[in-house]
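Within every chain, numbering begins at 1; the chains are lettered A, B, ... in the order of the sequence lines, protein sequences first and strands thereafter.
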Protein chains: 2
Amino acid sequence: MENPPEKTPAAWEGTPSWLLTQTAHHAHRLVADGFSSVRARGYHYRLLATLEESGPASQAELGRRSGIHVSDMVATVNELSDRRLVERALDPSDRRRNIVSLTAAGRRQLRVLEERLARTQEELLAPLAPEERQVLTGLLARLLEHHDRRSGASGEARS
Amino acid sequence: MENPPEKTPAAWEGTPSWLLTQTAHHAHRLVADGFSSVRARGYHYRLLATLEESGPASQAELGRRSGIHVSDMVATVNELSDRRLVERALDPSDRRRNIVSLTAAGRRQLRVLEERLARTQEELLAPLAPEERQVLTGLLARLLEHHDRRSGASGEARS
DNA sequence: ACGAACCGTTGGTGACTCCAATGATTGTGC
DNA sequence: GCACAATCATTGGAGTCACCAACGGTTCGT
């Protein structure tokens with residue numbers, strides 16, 4: 001051709017939304033890669049971590065706590081209970097519910113995932129100085145809180 | 001129940017990767033919402049913008065320029081050409097290729113999408129002061145560049 | 001006891017990304 | 001010139017994350 005020399009950096013590449021989503025894509029890939037080496041994915045970690053933090057609960061309750069949609073919770077619990085990382089037991093006091101709880105193996109798996117996750121954070125923020133990392137997380141946290149409030153506003157378990 | 005009072009903020013909620021992906025999720029939703037009101041999605045905008053910036057090209061070439069996977073390019077071009085926003089013509093000099101080009105309607109649509117996108121950026125960054133916005137985009141850009149280099153390293157059409 | 005609300009489950013949608021395989025076409029090496 | 005390699009468009013699939021509608025079973029409020 002006769003017009004390719006132009007190295008146009010693409011209009012959208014400077015937009016905050018692009019920077020955010022692309023960086024997040026890298027972050028997600030790093031996390032997923034770290035998890036996949038132990039046959040896990042994001043939902044697995046979130047569920048295990050939620051279970052350890054707030055204890056056994058019904059799937060609906062866990063969904064509220066972890067932000068995982070109830071219908072996705074089914075598959076997640078299935079996958080984890082197939083590998084004996086969580087246990088699904090009937091609630092004798094309410095036969096609608098399954099009470100999901102962490103097994104010893106699940107707790108061990110969680111430790112592994114936490115370690116993987118921590119290493120990923122390092123990798124993700126590698127090019128930034130400690131100070132800059134704080135600035136970044138601070139700004140992101142503010143953005144996140146702002147948008148969480150106006151839409152969804154999840155994370156309310158309190159009565 | 002009898003044990004919900006604990007308001008555990010969840011371990012992962014402070015991790016940079018969580019903040020990033022969640023904020024990006026909001027960003028993506030805002031952008032998608034803005035686009036969907038004119039029946040468009042991210043790929044449509046990216047393709048239209050790429051076409052305007054670097055001119056008509058084959059689908060493979062457009063894929064390289066826009067970062068859209070070739071197999072997704074097919075569907076994207078289909079959708080846009082169905083609505084006469086782009087044109088798919090056979091390349092007389094190479095019968096393997098389709099030469100995709102922008103129509104007048106496509107250019108108009110691009111103007112609309114750009115306007116939507118710009119408004120979305122405002123919405124996204126609403127809680128941040130102008131100075132903070134610059135800091136954020138700067139940090140994100142550095143992260144993105146870093147990770148773009150080590151993986152993929154796409155965006156190289158020049159020799 | 002009846003209806004409302006809740007629970008788990010199934011099955012589907014959508015966006016974005018990526019991969020493998022295929023047939024047609026072009027270019028290259030010999 | 002011809003066989004082989006490379007390129008192009010296309011199809012079909014996968015995987016992650018998120019969300020929705022509907023179902024039957026269960027419990028709760030009235």
| message | What is the distance, to the nearest angstrom, from the CD atom on B/Glu61 to the P atom on D/dT7? | response | 13 Å

| Does A/Asn98 put a side-chain nitrogen or oxygen below 4.0 Å from OP1 or OP2 of C/dT9? | yes

| request: Measure the distance from CZ on B/Phe35 to P on C/dA15 and round it to the nearest whole Å. | output: 13 Å

| Using a distance-only test with no angle check, is there a side-chain donor-acceptor pair under 3.5 angstrom linking B/Arg133 and B/Gln121? | no

| task | Calculate the interatomic distance between A/Arg39 atom CZ and D/dT16 atom P; express it in whole Å. | result | 10 Å

| query | Which residue pairs pass the ring-ring contact (aromatic ring centres under 6.0 Å, His included) test with at least one member in residues 34-68 of chain B, sequence neighbours excluded? | reply | B/Phe35-B/Tyr45

| said: Checking the side chain of B/Arg88 only, and the main-chain atoms of B/Asn98 only, is there a donor and an acceptor separated by less than 3.5 Å? | reply: no

| Given C/dC7, is OP1 or OP2 found less than 4.0 Å from the side-chain N or O atoms of A/Gln59? | no

| query | Within this structure, what is the CG-to-C1' distance between B/Leu47 and D/dA9, rounded to whole angstrom? | reply | 15 Å

| query | Within this structure, what is the CG-to-P distance between B/Asn78 and D/dG12, rounded to whole angstrom? | reply | 12 Å

| task | Would you mind reading off the bend of the helix from C/dA1-D/dT30 to C/dC30-D/dG1 from its two end axes, five pairs each, to 10 degrees? | result | 0°

| field | Nearest-Å distance for atom pair CD1/P, residues B/Ile99 and C/dT25 | value | 16 Å

| task | Round to the nearest Å and state the distance from A/Arg64 atom CZ to C/dA5 atom P. | result | 15 Å

| Hey, is A/Glu79 close enough to A/Arg83 for a salt bridge, meaning N to O under 4.0 Å? | no

| message | Do the side chains of A/Glu123 and A/Arg119 get close enough for a salt bridge, i.e. N-O under 4.0 angstrom? | response | no

| Donor-acceptor contact below 3.5 Å, side chain A/Arg142 vs main chain B/Pro127 | yes

| message | Counting primed atoms plus P, OP1 and OP2 as sugar-phosphate and everything else as base, spell out the protein contacts along nucleotides 17-30 of chain D at 4.0 Å heavy-atom distance: B, S or - for each nucleotide, 5' to 3'. | response | SBBB----BBS---

| remark: In A/Val77, A/Leu80, A/Thr76, the residue satisfying side-chain contact (heavy atoms from CB on, under 4.5 Å) with A/Val100 is A/Val77

| said: Nearest whole Å is fine: how far is C/dC6 P from A/Met73 CE? | reply: 17 Å

| query | Between A/Thr50 and A/Arg65, do the side chains contain an N or O donor and an N or O acceptor separated by less than 3.5 Å? | reply | no

| Would you call B/Glu114 and B/Arg111 a salt bridge, using N to O less than 4.0 angstrom? | yes

